[in-house]
Trainee: 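One structure is given below, represented as structure tokens, and several questions about it will come after.
This one's a predicted model, so the numbers in the text were calculated from it and none came from an experiment. Throughout, protein chains are lettered first and strands after them, A, B, ... in sequence-line order, and every chain is numbered starting at 1.
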Number of protein chains: 2
Amino acid sequence: MPRGLCHRHGADRPCTCAMGNLYRFVEPVVLLLLKKHGPSYGYELISALNDHALTDARIERAALYRTLKQLEDNGYVVSEWDVSGSGPARHVYRLTDSGEKHLLEWSIVLEKLSQAMSNFVSDVKAQ
Amino acid sequence: MPRGLCHRHGADRPCTCAMGNLYRFVEPVVLLLLKKHGPSYGYELISALNDHALTDARIERAALYRTLKQLEDNGYVVSEWDVSGSGPARHVYRLTDSGEKHLLEWSIVLEKLSQAMSNFVSDVKAQ
DNA sequence: ATATACTATATGCAAGTTACACATAGAGGT
DNA sequence: ACCTCTATGTGTAACTTGCATATAGTATAT
């Protein structure tokens, strides 16, 4: 990061920049974007990702490309090269059935986590 | 972890075990416990921590001791040694004013994150 | 006496993660 | 020739973490 020092938002307000990329939940958001908008590629996903991200941190390109590779290694997406358009070839990823299941699992995990966080916040406010 | 393989819950249900310790939000939960129950020490905190954790993952002792040290390095807690009881000395931590502020910052971050996750879950269900 | 169980704190390390920088390359405009 | 935009990746030092290990005080049973 380096952790604990945010260059983007400064020291004047709390932000999630001190959390790692896993904390930014890149994986589930990519899975959802692929489900909602169909097959896509890194360069296109990066802007959508920053619009739909769960935290206020900017998603690194490097993190996204590595996440996509990892998703493919795990069988959650499959990819092919699109050389039809002009400009550099696009590495296009498509969600698999396994990936859809994985998205639902993420949904369950995040629903519980959301509730737990909400309870935590109430607990803090009650003090 | 190793990430992506949960030995505790098996492969049959989604869990948060594949997330790292940062994901388990050890820091804010420790801060809240110290605020609610007053000064405490690692061995006592570890069980309370596992009861109040935001995720279903077991909090590692090593992670807790390192978190406590880090909190002290950042001025969010101060510590002293309690040698009054029987048994080994206890490293007792107490929340500082700065630590209370930090807890409130965490609360803001987690409130936003909770809402974002909740929206994400609705979005998944809408598909 | 000695074994073992519980309390309590902490470090060592291999494996994994990440923020930032860097490398590569196609196409279009000036 | 040079710049800009599109597009995909890798290199690496610094950091994080899961698991094992080290240390040590006290109590209870054998």
Trainee: Under the side-chain contact (heavy atoms from CB on, under 4.5 Å) test against V124(B), which residue among I108(A), L110(A), L32(A) passes?
Mentor: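 Testing each of I108(A), L110(A), L32(A) against V124(B), the sole residue satisfying side-chain contact (heavy atoms from CB on, under 4.5 Å) is L32(A).
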Trainee: Which whole-number value in Å describes the distance from Q70(B) CD to dT16(D) P?
Mentor: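 To the nearest whole Å, that distance equals 7 Å.
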Trainee: Mind calculating the distance between CD (E44(B)) and C1' (dT9(C)) to the nearest angstrom?
Mentor: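 It is 15 Å, rounded to the nearest whole Å.
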Trainee: Are Y41(A) and H91(A) close enough that their ring centres sit under 6.0 Å apart?
Mentor: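 No.
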Trainee: In this structure, how many angstroms lie between the C1' atom of dT17(C) and the NZ atom of K69(A), rounded?
Mentor: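 To the nearest whole Å, that distance equals 15 Å.
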Trainee: Working note: E27(A) + T67(A), criterion side-chain hydrogen bond (donor to acceptor under 3.5 Å, both in side chains); need CA distance, chi angles, decisive distance, verdict.
Mentor: CA-CA 7 Å; E27(A) 188 176 301; T67(A) 298; over 6 Å; no
Trainee: Would you kindly give the OH-to-P distance between Y41(A) and dG9(D), to the nearest whole Å?
Mentor: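 The answer, rounded to whole Å, is 13 Å.
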Trainee: Report yes if some heavy atom in the side chain of H102(B) is under 4.5 Å from a heavy atom in the side chain of L31(B); otherwise report no.
Mentor: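 Heavy-atom side-chain distance check passes, below 4.5 Å.
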Trainee: Would you please confirm or rule out a distance under 4.0 Å between OP1 or OP2 of dT11(C) and any side-chain N or O of Y65(B)?
Mentor: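 No, no such contact exists.
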Trainee: With DNA chain D as reference, determine whether E60(B) or R90(A) sits nearer its 5' end, using the nearest nucleotide of each.
Mentor: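 Nearest-nucleotide comparison on DNA chain D picks R90(A).
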Trainee: Do R24(A) and L54(A) have side chains that get closer than 4.5 Å, going by heavy atoms?
Mentor: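 With C-beta onward as the side chain, the pair stays apart.
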Trainee: Could you check G87(B) against Y93(B) and say which one's nearest nucleotide on DNA chain C is further toward the 5' end?
Mentor: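 Between the two, 5'-proximity favours G87(B).
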Trainee: Looking at R66(B) and dG12(C), is any side-chain donor or acceptor paired with a base atom of the opposite kind under 3.5 Å?
Mentor: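 Answer yes: a donor N or O sits under 3.5 Å from an acceptor.
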Trainee: Whole angstrom is fine here: how far is it from CG in D82(B) over to P in dT26(D)?
Mentor: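 Rounded to whole Å, this separation is 13 Å.
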Trainee: Classify the nucleic acid contact of A89(A) as base, sugar-phosphate or nothing, counting any heavy atom under 4.0 Å across all strands shown.
Mentor: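 Contact class for A89(A): sugar-phosphate only.
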Trainee: Between atom CD1 in I46(A) and atom C1' in dT8(D), what is the gap in whole Å?
Mentor: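 In whole Å, dT8(D) C1' lies 12 Å from I46(A) CD1.
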Trainee: Between H91(B) and dA10(C), is there a contact of a side-chain N or O with OP1 or OP2 at under 4.0 Å?
Mentor: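 Yes.
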Trainee: Could you tell me how far apart F25(B) (CZ) and dT17(D) (P) are, to the nearest whole angstrom?
Mentor: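 Going from CZ in F25(B) over to P in dT17(D) covers 12 Å.
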Trainee: Report yes if at least one side-chain N or O of Y43(B) is closer than 4.0 Å to OP1 or OP2 of dT7(C); otherwise report no.
Mentor: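 For dT7(C), OP1 or OP2 has a side-chain N or O of Y43(B) closer than 4.0 Å.
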Trainee: Taking for each residue the nucleotide of DNA chain C with the nearest heavy atom, is it R61(A) or G85(A) whose nucleotide lies nearer the 5' end?
Mentor: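 The residue whose closest nucleotide sits nearer the 5' end is R61(A).
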Trainee: Using whole Å, what does the distance between atom C1' of nucleotide dT9(C) and atom CG of L64(B) come to?
Mentor: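 L64(B) atom CG is separated from dT9(C) atom C1' by 11 Å.
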Trainee: Quick check for you: among dC19(D), dT7(C), dT6(D), whose closest atom lies nearest to any side-chain atom of P88(B)?
Mentor: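 Among the listed nucleotides, the one closest to the side chain of P88(B) is dT7(C).
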Trainee: With hydrogens left out and only the distance checked, is there a donor-acceptor pair under 3.5 Å joining R24(B)'s side chain and the base of dG18(D)?
Mentor: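 Such a pair does not exist between side chain and base.
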